[in-house]
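To start, the structure itself, in structure tokens.
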Amino acid sequence: MTYMPQDFRGTLIRQQKERSERNKQAEVDALISSGGSIRDRYSLLWKQQMDRRRQLVQLGSATGVYKTLVKYLVGVPQVLLDFIRQINDDDGPMEEQRQRYGPPLYSLTRMVLFIHLFLSLAWQRIEAFKLNRLQISVLEEAVDVYTTELQRFINFISEVFANSPFFISAEDASMLEMGKNDEYKEITVPAGKSYEVSLTVESINSYIAWDFSLVQGKMNMDIGFSVEYTNNGGEKTLILPYRRYESDQGNFSTCMAGNYKLIWDNSYSAFFKKALRYKVDCIPPVLEESEKGSERNEVEE
């Protein structure tokens, strides 16, 4: 989430994740209430964890419920999306790690428990029970095996992190990706003129989002910006009041369908044109697959 844009795009991903986690917790609570065994709980938690991995793969490959969201995730470095997809793939590093190091770690855990039990009993009977040379040798060998295997696991994890994108700052990665993104447009707003972008919104709870900046020269410039709504009768409502910016990133959720207009105003400037770089999105409501299925059933009924 650190690498997600800290605006509506990250918020939508976070909200979807929270809904999903609430549903998973409800499943666990229902199983406990019905008297499910520890084995049943383990099986359910395992299934849920695999579901989380599949969702992360969908996020990284822009499929499923995330398809609409990822399409608009400007600023998220592609290397991060690739990493999310690959590390959670069925044949990816997470599965390789589980198969290669899962069973040894379970064995090491059992070994530590036995070592702890052995030492506890020996300490309690220290006067009546003396460790012989063979027992000490076996104990030393067990500790050596545990240390070696644990170091092997730590080295593996270190390599995973060393080759991950997380040592690139979110800001640097976003700037690199933004420079490559061809969805931004650049236009010149002449002195004394304005520039408008109109969006037709068909569904309420859609998101209208913008991200713009002025290409600055030797002196800093600003430009007026506002957002207005026009209903079918031609009546206008100011959504975002006029204000002058050097750059801005924002969004809002629509409560009415109709026409929305984003306006960049340079009419106050008598001499200076403004080079504007911008991206505008209209994102329809994002539903989970279960919600979509419910809507289809309602329509059919």
Which residue pairs satisfy the salt bridge (Lys or Arg N to Asp or Glu O under 4.0 Å) criterion with at least one member in residues 262-273, sequence neighbours excluded?
none
Are Ile263 and Ile187 connected into the same hydrophobic cluster when the rule is that any two of I, L, V, M, F, W, Y join if their side-chain heavy atoms are below 4.5 Å apart?
no
Hits for ring pair (Phe, Tyr, Trp, His ring centres under 6.0 Å) against Phe225, two or more places apart or cross-chain, chain-then-number order -> Trp210, Phe212, Trp264
Is there a donor-acceptor pair under 3.5 Å between the side chain of Lys274 and the backbone N or O of Thr188?
no
Could you list the residues that satisfy side-chain contact (heavy atoms from CB on, under 4.5 Å) with Ser206, not counting sequence neighbours?
Val201, Ser203, Thr254, Pro285
Salt-bridge contact Arg53-Asp51 (side-chain N to carboxylate O under 4.0 Å)
no
If you link ILVMFWY side chains whenever their heavy atoms are less than 4.5 Å apart, which other residues fall into the same cluster as Trp46? By chain and number, please.
Tyr42, Met50, Tyr106
Please identify each residue that fulfils side chain to side chain donor-acceptor pair (under 3.5 Å) with Thr109, with sequence neighbours left out.
none
Does Glu228 use its side chain to pair, donor to acceptor, with the backbone of Ile239 at less than 3.5 Å?
no
Charged N to carboxylate O under 4.0 angstrom, Lys24 versus Glu27?
no
Going by salt bridge (charged side-chain N to carboxylate O under 4.0 Å, His left out), name the residues that satisfy it together with Glu196, two or more places apart in sequence or in a different chain.
Lys261
Over 12 foreign heavy atoms within 6.0 Å of CZ, Arg52:
yes
